[in-house]
Chemist: 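Submitted below is the structure of interest, expressed as structure tokens.
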Amino acid sequence: MMLLRCRSPASIVKPDATFCQGKGTAVRSSAVNGAKVDLQDERTAMERETAVITLSMGLCIPAIFAALSIFVEPIAGYGNGQVTVACATMIAKHGSFPQKLPSPAIITVDKHVFNTEDQIKVTLTVRQSGTSFQGFFIQARDAADLNGGPVGTFTLIDKNSQLLTCGDVKDSAVSHTSPSGKHTIEVLWDPPVPTPDHIQFLVTVVQKFNIYWVKLHGPVVSQLNAPPLPIQTTVESPPILPATTQLTKPFNVTECGSKKSCLRSPPGCDPELDQLCFFLSFAVQGSSVLFELSGPSHGYISFALSDDKWMGNDDVYLCVVNDQSVQINPAHSTGRSHPILNSQVSIHDMAWNLEGEVTQCSFRRNIRLPEYSERFDLDRQYYIFLAEGRAENGKIHKHHRQPLITHGKVNFDGSPHELRGSRSSLYIKAHGTLMFIAWVTTANIGVIVSRFFKPVWPSSTLFGKKVWFQVHWILMVTTVLLTCLAFFLPFLYRGGWSHYAGAHPYFGCMILTLVILQPIMAIFRPDPQAPRRYIFNWVHWATGTSARIIAVASIFLGMDLPALDLRNLWDTLVMVGFIVWHVVMELILEAHSYIITCKARKREEDKLEIMDSSELIDPQGHRFKMMVLTIYICGNLTFLITLLVAISLV
């Protein structure tokens, strides 16, 4: 921003100058001061030109690297082995059902008879060479009561395992530390006091995320002179696998709003005709609700019921592609962590279909499910989240873009209607809108007016100041105000600092600091005739240039964030097109200024008196510049409107 009166206009204008150039003049008017052009000053100005270009390139490099930053995507799972949630049941919360075939690993011990002072070496190893397992969970329990809690404590031998606390017993279980392939795990077990007569080791083994064995029975070890272990009369029943069928016909969208409620993205799309259509419908049928879900995905599509618009403590339902089939899982989320898949069968009448890149699934669940604490009763109102993402071997990854969230809470047992939603909060949309207006329009127009249009209005004034200065001042003050307002909107949305937005918020802080420094420097600027005025001019230019470069990098990073979700290729191309447009317009004005400068030099060499106005050299100069400015503003507004429309459609 510029809040000062610049010196006489420069005829050589810096290619990347921003806000105000004020770097000196290459041609001075003989009519104003009667002086001829000082060739030494001219050479000095050209040397400064080279320095400016070099500085601009240096500032661009870190911004380009920042804009190309890559963010690591979190993965849903328990690859770190922190599986205390499964202490009681030893069931892997992977949503699929345990395998019934022989497991790839077996558990052995180095002794079968012990006394209370002994340590028992427990080994988990693969049955055949060339095979491996990714995860494991070992416990020791009273062989007479395998449904009881773990007994004894473990001591580690290798670095591929870690100790866990189950119940109130510290170090009573052992698990993996990473999902890397393993062949052998060894640990030491110490008996508790008092010690049961017979101890049995149990293990859960995970070969892949969706291939695992639960609570495999290992060897029984007994105390010296212990009575025989009673014959077990109860056998754990295998889990009942839910029945699923193939969908025989596509979902009917003609009933949306009349017989069932529908949520579609984009609005009004037909999943039968549009492979990019995300579709959710539900209809109350007696004491149950029938859900239909469809969308393009090689991983998973899902929806969640929530009491608010924030992820956490939600009732989730996922349709996960797994080996050319679809696994339908209820789940629940806690906080911002990945959803915990539930293997209990709280849904029924499940059906699915895979056709091309489209995943379809349907299921029915009762309105009230008091026996399942994680399930929400459907006689209340909830926000609906619609999300999709990648999955590998049944393991779900974090959704790659913000979920579609209904505008308001949905009444499931109300009359059917078409639902509407958005993938971005109004706070974030307003943030993006204000930043686009500030750094696509007002800042750039203000810079161009300051750099190229001082000669156009050499003596015209507006409210006591030169016209170019007033236009520049108003536009740059607007930029500062818009930036300050936009800066605080994400904090209102998040309720604090966002740790999921990468470098974007840091860039925002840098931009805010720079735009606040600009008017502060302008207030304390030295007089235009002061000998050190050039220092202010350079600092003012460098600060503004840095703000513009960082703003462009920040815009690209912000467009790619899930909260705004302007990842469409066309949105990116529009922003790239604007940058190209702006550079081309500046180059045209630079070339025009260069031509005028050359004419001025030639006339000085011919001893012709010239005024410090290029229009006495080229009478068409004013009209040409005004034409370029008009075209630039029209194009600038076109790009801005296109970007704002893109935000409104999110």
Side-chain angles (χ1 to χ4, degrees), residues 77-94 98 103-127 131-207 209 212-226 229 232 236:
Y78 288 99
N80 59 7
Q82 296 295 326
V83 292
T84 52
V85 66
C87 278
T89 63
M90 299 188 69
I91 296 176
K93 303 292 184 179
H94 295 181
S103 73
I106 58 173
I107 191 168
T108 59
V109 294
D110 64 344
K111 61 183 70 173
H112 292 272
V113 178
F114 70 96
N115 58 48
T116 56
E117 290 80 22
D118 289 340
Q119 271 192 330
I120 297 177
K121 185 177 182 180
V122 182
T123 303
L124 178 66
T125 186
V126 294
R127 293 178 183 270
T131 61
S132 64
F133 54 91
Q134 293 182 344
F136 63 91
F137 187 41
I138 302 174
Q139 287 185 5
R141 296 190 179 184
D142 185 346
D145 181 16
L146 294 180
N147 292 322
V151 296
T153 58
F154 290 92
T155 302
L156 301 181
I157 294 179
D158 59 62
K159 62 181 180 181
N160 291 321
S161 56
Q162 63 181 328
L163 299 173
L164 299 178
T165 298
C166 282
D168 296 327
V169 184
K170 185 179 180 181
D171 302 339
S172 58
V174 186
S175 72
H176 53 281
T177 58
S178 72
S180 60
K182 304 166 186 63
H183 306 282
T184 301
I185 295 294
E186 294 181 337
V187 293
L188 298 175
W189 179 78
D190 297 291
V193 178
T195 306
D197 291 335
H198 305 278
I199 299 295
Q200 186 163 24
F201 293 96
L202 306 175
V203 62
T204 291
V205 178
V206 178
Q207 189 173 45
F209 185 82
Y212 60 91
W213 292 258
V214 171
K215 209 174 181 179
L216 298 175
H217 291 194
V220 175
V221 296
S222 305
Q223 287 198 65
L224 187 65
N225 300 323
L229 179 66
Q232 301 291 324
E236 295 184 12

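Counting from 1, the numbers follow the sequence of the chain as shown.
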Chemist: What closest approach, in Å, do F154 and S172 show between heavy atoms, and which atom pair accounts for it?
Modeler: CE1-O, 3.5 Å
Chemist: Before you tell me yes or no, could you show the steps for F137 and V206 under side chain to side chain contact (heavy atoms under 4.5 Å, CB included), namely the whole-Å CA-CA distance, both residues' side-chain angles and the distance that decides it to 0.1 Å?
Modeler: CA-CA 9 Å; F137 187 41; V206 178; over 6 Å; no
Chemist: Calculate, to the nearest 0.5 Å, the distance between atoms CG and SG belonging to D171 and C166 respectively.
Modeler: 10.5 Å
Chemist: To the nearest 0.5 Å, what is the distance between CD on Q162 and NE2 on H176?
Modeler: 7.5 Å
Chemist: Hey, what do you get for OG1 (T123) to CD (E186), rounding to the nearest 0.5 Å?
Modeler: 4.5 Å
Chemist: To the nearest 0.5 angstrom, please state how far the OG1 atom of T89 sits from the CG atom of N147.
Modeler: 10.5 Å
Chemist: Working to the nearest 0.5 angstrom, can you tell me the gap between R141 CZ and M90 CE?
Modeler: 6.0 Å
Chemist: Pairs in or reaching into residues 191-200: which pass side chain to side chain donor-acceptor pair (under 3.5 Å), with residues at least two apart or in two chains?
Modeler: H198-S222
Chemist: Testing the basics here: between V169 and P150, what is the closest heavy-atom pair and its distance to 0.1 Å?
Modeler: CG2-O, 4.2 Å
Chemist: Roughly how far, to the nearest 0.5 Å, is CZ of F201 from NE2 of H217?
Modeler: 14.0 Å
Chemist: For the pair R127 (side chain) and I106 (backbone), establish whether a donor and an acceptor sit closer than 3.5 Å, ignoring hydrogens and angles.
Modeler: no
Chemist: In the structure I gave you, are the side-chain heavy atoms of F136 and V174 within less than 4.5 Å of one another anywhere?
Modeler: yes
Chemist: Do you know which of I199, T153, I138, T155 makes side chain to side chain contact (heavy atoms under 4.5 Å, CB included) with W189?
Modeler: I199
Chemist: Short question: side chain of Q139, backbone of C87 - any donor-acceptor pair under 3.5 Å?
Modeler: yes
Chemist: Answer with yes or no whether the side chains of S180 and S178 bring together a donor and an acceptor at under 3.5 Å.
Modeler: yes
Chemist: I185 and side chain to side chain contact (heavy atoms under 4.5 Å, CB included): which partner among V122, L156, L124?
Modeler: L124
Chemist: Ignoring hydrogens and geometry, is there a side-chain-to-backbone donor-acceptor pair from T131 to V126 under 3.5 Å?
Modeler: no
Chemist: Pairs of donor and acceptor atoms involving the side chains of residues 107-115, under 3.5 Å and at least two apart or interchain, shall be tabulated with distances.
Modeler:
residue	atom	partner	partner atom	Å
D110	OD1	K121	N	3.0
N115	OD1	E117	N	3.0
N115	OD1	D118	N	3.3

Chemist: Considering non-hydrogen atoms only, spot the tightest contact between N160 and D158 and give its length.
Modeler: N-OD1, 3.0 Å
